Amino acid sequence: MNIIRKFQPSDFPSVIDIERRVFNEHDPYLYMQFYETCSEGFMLAEINGIVVGYVVGFQTSRKTGRIFSLAVLPEYQNRGIGSNLLEEIINYLRQRGAFEVILEVRVSNIKAKRFYERHGFYQVRVLKRYYNDGEDAYLMRLSLGPRSS
Ligand SMILES: CC(C)(COP(=O)(O)OP(=O)(O)OC[C@H]1O[C@@H](n2cnc3c(N)ncnc32)[C@H](O)[C@@H]1OP(=O)(O)O)[C@@H](O)C(=O)NCCC(=O)NCCS
């Protein structure tokens, strides 16, 4: 069964393992910092007790949410798990009052860009040499629309 739940410190080794296999570019310490500073926006996907993906998102201002990282283990991709995690974090940011969500994605990451576009994100601009290795990023944005209240 696929469950989305909040990160707990005991999940740290699983998250670091996924990060290494999927990105291998973030300092593991960052993830403990996320837990300390924005634990509500740090969520995991679990299948039959195995952590298979995670997402980290937080508000950068009252109106803007940012997704820092979203990853699913390669052997669990293309089953809707990334979409589940993305929908959870968007709902969380919407409930917190954000009316836009932004994120960055490598220009070479065609799959992720298409995935985000399918979920309503669009490319705002190119961020030159955004990553440590010099690669550019697309800044992408999702509008959550006007709030009713
Ligand atoms: C981007 C990423 C998070 C997507 O996760 P995912 O679990 O594969 O996402 P989903 O399964 O929801 O969607 C992926 C594709 O599978 C398809 N899919 C979803 N459920 C499916 C199902 N039950 N059967 C068949 N296909 C399915 C979707 O249509 C989607 O197609 P698209 O890419 O053409 O839009 C994942 O590929 C990943 O971890 N990539 C490496 C890290 C990364 O690039 N992160 C994003 C940058 S921060």
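Everything numeric here is computed off the predicted structure, so don't read it as measured data. Sequence positions, counted from 1, serve as the residue numbers for this chain. Reckoned from all heavy atoms, side chains included, excluding hydrogens, waters and symmetry mates. When a ligand or atom number is given, it counts from 1 through the structure's own listing order.
Neither the backbone nor the side chain of Arg106 comes within contact range of ligand 1; no heavy atom lies under 4.0 Å. With a 4.0 Å cut-off on non-hydrogen atoms, Tyr116 touches ligand 1 through its side chain and not its backbone. When non-hydrogen atoms are compared, ligand 1 lies under 4.0 Å from the side chain of Asn109 (C-beta onward) but not from its backbone. Here Val22 has side-chain heavy atoms under 4.0 Å from ligand 1, and that is the only part of it that gets that close.
At the top of the distance list for atom 33 (O) of ligand 1, counting protein heavy atoms only, stands Arg114 NH2, 3.5 Å. Counting protein heavy atoms only, atom 45 (N) of ligand 1 is closest to Leu70 O, 2.8 Å. In this structure, atom 39 (O) of ligand 1 lies nearest to the protein heavy atom Val72 N, 2.8 Å. Among protein heavy atoms, atom 28 (C) of ligand 1 sits closest to Arg118 NH2, 3.3 Å. Of all protein heavy atoms, the one lying nearest to atom 8 (O) of ligand 1 is Asn78 N, 2.8 Å. For atom 20 (N) of ligand 1, the nearest protein heavy atom (residue, atom name, distance) is Gly80 N, 3.2 Å.
Short contacts between ligand 1 and Phe115, defined as distances under 4.0 Å to a heavy atom of the residue, involve ligand atoms 4 (C), 9 (O), 10 (P), 12 (O), 13 (O). The Phe23 neighbourhood of ligand 1 comprises atoms 42 (C), 43 (C), 45 (N), 48 (S), with distances under 4.0 Å to a heavy atom of that residue. Within ligand 1, the atoms closer than 4.0 Å to a non-hydrogen atom of Ala112 are 44 (O), 46 (C), numbered from 1 in the order shown. The Lys111 neighbourhood of ligand 1 comprises atoms 8 (O), 37 (O), with distances under 4.0 Å to a heavy atom of that residue. Within the listing of ligand 1, atoms 39 (O) sit less than 4.0 angstrom from a heavy atom of Ala71.
Counting heavy atoms from C-beta on, the side chains of Ile90 and Arg94 come closer than 4.5 Å.
Remark: atom 2 (C) of ligand 1 lies closer than 4.0 Å to no protein heavy atom.
Judged by distance alone, the side chain of Gln8 and the main-chain N or O of Asp11 form no donor-acceptor pair under 3.5 Å. Although no hydrogens or angles enter the test, the distance criterion places no donor-acceptor pair under 3.5 Å between the side chain of Glu117 and the main chain of Tyr122. Proximity of a side-chain donor or acceptor of Glu19 to a complementary backbone N or O of Glu25 within less than 3.5 Å is detected.
The existence of a salt bridge linking Glu75 and Arg21 is confirmed by a sub-4.0 Å separation between a basic side-chain nitrogen and an acidic carboxylate oxygen. Electrostatic pairing of Glu40 and Arg96 does not count as a salt bridge here, judged by no charged N lying under 4.0 Å from a carboxylate O.
Nearest to atom 37 (O) of ligand 1 by heavy atom, out of Gln77, Met140, His119, is Gln77.
No close placement of the Phe7 and Phe34 rings is indicated, their centers lying 6.0 Å or farther apart.
The local environment of CZ in Arg129 is sparse, with at most 12 non-hydrogen atoms from other residues, nucleotides or ligands closer than 6.0 Å.
For the atom pair Phe121 CZ and Leu139 CG, the distance stands at 10.5 Å (nearest 0.5 Å). The structure places CZ of Arg79 at 5.5 Å from CD1 of Ile47, a figure rounded to the nearest 0.5 Å.
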Subject >> Chi angles and distances behind the side chain to side chain donor-acceptor pair (under 3.5 Å) call for Gln59, Thr64 >> reply: CA-CA 6 Å; Gln59 272 175 296; Thr64 302; over 6 Å; no

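Of the N or O atoms in Gly82, one or more lie within a sub-3.5 Å distance of an N or O in ligand 1. Ligand 1 has a nitrogen or oxygen under 3.5 angstrom from a nitrogen or oxygen of Ser83.
In terms of the salt bridge (Lys or Arg N to Asp or Glu O under 4.0 Å) criterion, residue partners of Asp133 (sequence neighbours excluded) are, by chain and number, Arg106.
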